[in-house]
> 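This is the structure I want to talk about, given as structure tokens.
Atom set for the values below is all heavy atoms of this structure, side chains included, hydrogens, waters and symmetry mates excluded. Bear in mind that the values here come from a model prediction, so they are computed numbers and not experimental data.
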Amino acid sequence: MTLALVGVAALIAALIQRITGLAFVLVLIGPIVLAYGPIEGVTLAVFLAVIASVIAVPSAWRDVDWRRTLWLLGAGVLAAPFGALVTRLLPEPALLFLIGAMAVLALTASRLSSVSQVLRGRSGAAVSGAVAGFMHAASGLSGPALAAFAIGDRWDQRRFAASAQVIFLGFGIASVLLRGMPVSPPLDVAVLAAATALGIIGGAFLVRVVPPHIARHAMLFFAWAGAIVVLVRASIALFG
């Protein structure tokens, strides 16, 4: 039953990712961390995000803005080892708090317009990329830092969404190398990978009929629910 529920979450996350360009791990992080724990859950989420990006990149390739992409990707890859190191040093309750807090930060970052206004040009790309790379290796939640730069640098949404797939793929590969492959049963990994692939493929058809704002509302609902449950689980682990 647990595998089925996480598989459904992966399917929904992939559908939303294909329609909006972001939020795969943000939607998936709550269920997968609760099912597999903060270390293996994030490792699985990052691995599945790589699969989602591999499928999404070919259709987005022609719209990639390589100048911005390489700045963000380079800074993020340099910062990623520090994110992976944090996950090895913290005990499980602290890791749960960290993941939950990053999810909440990710969900509220878009409202911090004053932050976005200073993230421009190469310096803004370096800062945003470093934060995104650190967060991706620690929790898989790199999208909001990239989105903040996109807003500040007035990046065209279509080109940003395409470029983000390449950045997620690069961050994902770096994070898998740093964290290692999932150690969950092969059947679990295969089912979740299939659900992810099915969601990305299905989303390619749904993107034509589902308005983006509906997908964003669905993303917010699932992401907030997951973040709150992870924080409650962390509180129980720490104080229970």
Side-chain angles (χ1 to χ4, degrees), residues 10-28 45-78 80 106 109-110 113 116-117 119-133 135-136 140-176 196-220 223:
L11 176 65
I12 293 172
L15 287 170
I16 293 174
Q17 163 86 2
R18 182 62 183 84
I19 295 171
T20 66
L22 295 170
F24 176 79
V25 176
L26 189 57
V27 172
L28 182 60
V46 168
F47 176 73
L48 295 175
V50 170
I51 294 174
S53 295
V54 166
I55 299 172
V57 161
S59 62
W61 189 263
R62 62 183 179 182
D63 293 321
V64 173
D65 182 336
W66 287 104
R67 179 179 62 83
R68 289 183 172 110
T69 295
L70 292 176
W71 272 96
L72 290 162
L73 190 54
V77 169
L78 290 176
S110 61
S113 58
S116 296
Q117 290 174 2
L119 296 177
R120 300 176 180 174
R122 292 181 178 179
S123 60
V127 172
S128 297
V131 172
M135 291 184 67
H136 199 100
L141 300 169
S142 56
L146 301 177
F149 171 74
I151 293 171
D153 208 47
R154 298 181 180 179
W155 199 349
D156 173 73
Q157 173 61 30
R158 179 176 57 83
R159 301 203 69 188
F160 165 66
S163 302
Q165 306 314 309
V166 175
I167 297 169
F168 289 149
L169 178 58
F171 285 172
I173 292 172
S175 297
V176 168
T196 299
L198 182 61
I200 293 294
I201 296 171
F205 296 96
L206 290 180
V207 72
R208 305 170 186 173
V209 296
V210 176
H213 73 276
I214 292 180
R216 284 194 293 269
H217 285 312
M219 177 271 290
L220 289 171

> Nearest 0.5 Å, please: how far is CG in Leu28 from CD in Gln17?
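Rounded to the nearest 0.5 Å, the CD-CG separation comes out at 11.0 Å.
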> Roughly how far, to the nearest 0.5 Å, is OG1 of Thr196 from CZ of Phe47?
9.5 Å
> Do the side chains of Phe160 and Leu146 get nearer than 4.5 Å, heavy atoms only?
yes
> Just verifying a value: how many Å separate Trp71 CH2 and Ser123 OG, rounded to the nearest 0.5 Å?
9.0 Å
> Any non-hydrogen side-chain atom of Val46 less than 4.5 Å from a side-chain atom of Val176?
yes
> Carefully, step by step, assess Trp66 and Val166 under the rule side chain to side chain contact (heavy atoms under 4.5 Å, CB included).
CA-CA 9 Å; Trp66 287 104; Val166 175; 4.0 Å; yes
> Which one of Leu72, Thr69, Asp156 satisfies the side-chain contact (heavy atoms from CB on, under 4.5 Å) criterion with Ser163?
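By the side-chain contact (heavy atoms from CB on, under 4.5 Å) criterion, Ser163 pairs with just one of Leu72, Thr69, Asp156: Thr69.
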> Side chain to side chain contact (heavy atoms under 4.5 Å, CB included) between Val50 and Leu169: does it pass, once the steps are laid out?
CA-CA 5 Å; Val50 170; Leu169 178 58; 3.9 Å; yes
> How close do Ala75 and Ala126 get, heavy atom to heavy atom, and via which atoms?
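Minimum heavy-atom separation between Ala75 and Ala126: CB-O, 3.3 Å.
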> Measure the spacing between CG of Leu15 and CG of Leu198 and express it to the nearest 0.5 Å.
7.5 Å
> Grab the two heavy atoms, one from Val25 and one from Ala49, that are nearest each other, plus how far apart they are.
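Scanning both residues, the minimum pair turns out to be CG2-CB, 3.9 Å.
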> Looking at Ala56, is its backbone amide N or carbonyl O close enough to the side chain of Ser59 to form a donor-acceptor pair, meaning the two atoms are under 3.5 Å apart?
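Looks like yes, one N/O pair under 3.5 Å.
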> Provide the closest heavy-atom pair for His136 versus Ser142 in the form atom of the first, atom of the second, distance.
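Minimum heavy-atom contact is ND1-OG, 2.8 Å.
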> For Ala125 and Phe149, which heavy atoms make the closest approach, and how far apart are they?
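That would be N-CE1, 3.4 Å.
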> Between Ala132 and Phe171, which heavy-atom pair has the shortest distance, and what is it?
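That would be CB-CE1, 3.6 Å.
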> Considering non-hydrogen atoms only, spot the tightest contact between Gly170 and Leu73 and give its length.
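Closest approach of Gly170 to Leu73, heavy atoms only: CA-CD1, 3.8 Å.
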